[in-house]
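Presented below is the structure to which this report refers.
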Amino acid sequence: LAACFDVAIRAPSSHNLEIWRFLDVRQPEARAALNHLCLDQPQVREAANVIVAVARPDLWRVGAKRMLARLRADAAEGQADANYRAWLPRLMKKYEIMVPLLFADGPHHLLAPVKATLLWAVGQFRPMMRGPFGRAEQQMWAVKTTALACENFMLALAAAGYDSCPLEGFDEPKVK
């Protein structure tokens, strides 16, 4: 299971921000409560392990800081690959400027319309990423990115000889 989690956390993710979390629910009381919130489906009740994947769009800052630290370390070490060395300054600017511009919407996402207008205007003159804007788009982005990690996890489980079953039918607000 640990090796499969390792594969999951190496899944491709948008901007390498890795905004997902996996929760391995093992405590009997928590399993019973989760089973009830999953509408008492037999897949949850009978599973050897119950893993909950959580999309956390609010963690983009953590991912951006981690990527920037890694890029700075690579620059300090003087990576051998000349192409990568040439791209390092642009990649660092991506995490210093572009990622915050894309994901920071201010308190209660009040700046999302301003940001959308600004990026639309810039996009008239050059190709430009234009979202996600606002809470709904950020949540959709996070769910799609988390789904990639889930797919990697499930493929790793299958390669290790285990079965898995994705589950959607549950009371999401109460599970949160």
Side-chain angles (χ1 to χ4, degrees), residues 4-27 30-31 33-41 43-44 47 49-71 91-124 126-157 164-176:
C4 293
F5 277 128
D6 190 50
V7 170
I9 64 171
R10 296 174 191 277
S13 65
S14 180
H15 306 289
N16 292 318
L17 296 178
E18 298 173 0
I19 46 71
W20 56 77
R21 296 295 179 262
F22 287 96
L23 306 174
D24 186 359
V25 182
R26 293 182 183 218
Q27 298 84 6
R31 286 277 306 260
L34 186 60
N35 182 52
H36 179 66
L37 296 175
C38 292
L39 312 177
D40 297 311
Q41 295 183 57
Q43 299 93 317
V44 178
N49 292 76
V50 177
I51 311 300
V52 178
V54 182
R56 293 280 309 271
D58 59 307
L59 294 178
W60 69 264
R61 285 179 183 87
V62 174
K65 284 180 185 176
R66 187 187 63 250
M67 284 303 299
L68 197 51
R70 180 176 177 187
L71 293 169
L91 289 171
M92 284 191 264
K93 283 187 179 175
K94 171 184 177 176
Y95 290 99
E96 292 169 342
I97 299 168
M98 189 182 91
V99 167
L101 181 62
L102 286 172
F103 293 100
D105 282 337
H108 307 290
H109 298 270
L110 293 174
L111 297 178
V114 173
K115 189 172 70 170
T117 303
L118 174 67
L119 293 176
W120 174 84
V122 171
Q124 299 307 302
R126 65 183 182 121
M128 185 76 188
M129 290 188 64
R130 303 184 197 207
F133 303 121
R135 187 176 312 276
E137 285 187 29
Q138 287 184 3
Q139 187 65 34
M140 185 180 356
W141 159 78
V143 168
K144 289 188 296 185
T145 297
T146 302
L148 292 171
C150 290
E151 180 182 34
N152 265 30
F153 183 61
M154 293 176 69
L155 290 171
L157 287 169
S164 62
C165 176
L167 184 74
E168 276 195 75
F170 57 92
D171 188 333
E172 184 175 346
K174 288 184 179 177
V175 170
K176 285 181 181 181

Verify the neighbour count for atom CZ of R70: are there more than 12 heavy atoms of other residues, nucleotides or ligands below 6.0 Å?
no
S164 vs F153, side chain to side chain contact (heavy atoms under 4.5 Å, CB included): CA-CA, chis, key distance, verdict
CA-CA 9 Å; S164 62; F153 183 61; over 6 Å; no
Shortest non-hydrogen contact from L68 to E96?
CD2-CG, 3.6 Å
When rounded to the nearest 0.5 angstrom, what is the spacing between CZ in R31 and CZ in R26?
9.5 Å
Where at least one partner belongs to residues 141-150, residue pairs that pass side-chain hydrogen bond (donor to acceptor under 3.5 Å, both in side chains), sequence neighbours excluded
S14-W141
Counting N and O atoms only, with roles assigned by atom type, does the side chain of Q41 sit under 3.5 Å from a partner on the main chain of G169, one being a donor and the other an acceptor?
yes
Option from K65, M67, K94 for which side chain to side chain contact (heavy atoms under 4.5 Å, CB included) with V99 holds:
K94
Between E137 and G131 the two heavy atoms that sit nearest each other are OE1-CA, 4.3 Å
In terms of heavy-atom contacts, F103 and K115 come closest through N-NZ, 3.7 Å
For R10 against N152, the heavy-atom pair lying closest together:
C-ND2, 4.2 Å
Shortest non-hydrogen contact from D40 to H36?
OD1-CA, 3.4 Å
Could you walk me through whether W20 and L59 pass side chain to side chain contact (heavy atoms under 4.5 Å, CB included), step by step?
CA-CA 8 Å; W20 56 77; L59 294 178; over 6 Å; no
V143/Q139 under side chain to side chain contact (heavy atoms under 4.5 Å, CB included): CA gap, chis, key distance, verdict
CA-CA 6 Å; V143 168; Q139 187 65 34; 3.8 Å; yes
Looking only at atom types and distance, does a side-chain atom of R21 sit under 3.5 Å from a main-chain N or O of V52, one as donor and one as acceptor?
no
Closest non-hydrogen atom pair between A30 and V25, with its separation:
CB-CG1, 3.8 Å
Considering only residues two or more places apart or on different chains, which pairs with a residue in residues 51-61 satisfy side-chain hydrogen bond (donor to acceptor under 3.5 Å, both in side chains)?
R56-D58
Donor-acceptor contact present, side-chain Y95 to main-chain H15, <3.5 Å
yes
Nearest 0.5 Å, please: how far is CG in L34 from NZ in K174?
13.5 Å
Are the side chains of I51 and F5 in touch, meaning some heavy atoms are under 4.5 Å apart?
yes
Would a distance-only check, ignoring hydrogens and angles, find a side-chain to backbone donor-acceptor pair under 3.5 Å from D105 to G134?
yes
Nearest 0.5 Å please: distance from the CG atom of L118 over to the CG atom of L111.
11.0 Å
Could you check L119 against L102 for side chain to side chain contact (heavy atoms under 4.5 Å, CB included), going step by step and ending with a plain yes or no?
CA-CA 9 Å; L119 293 176; L102 286 172; 4.1 Å; yes
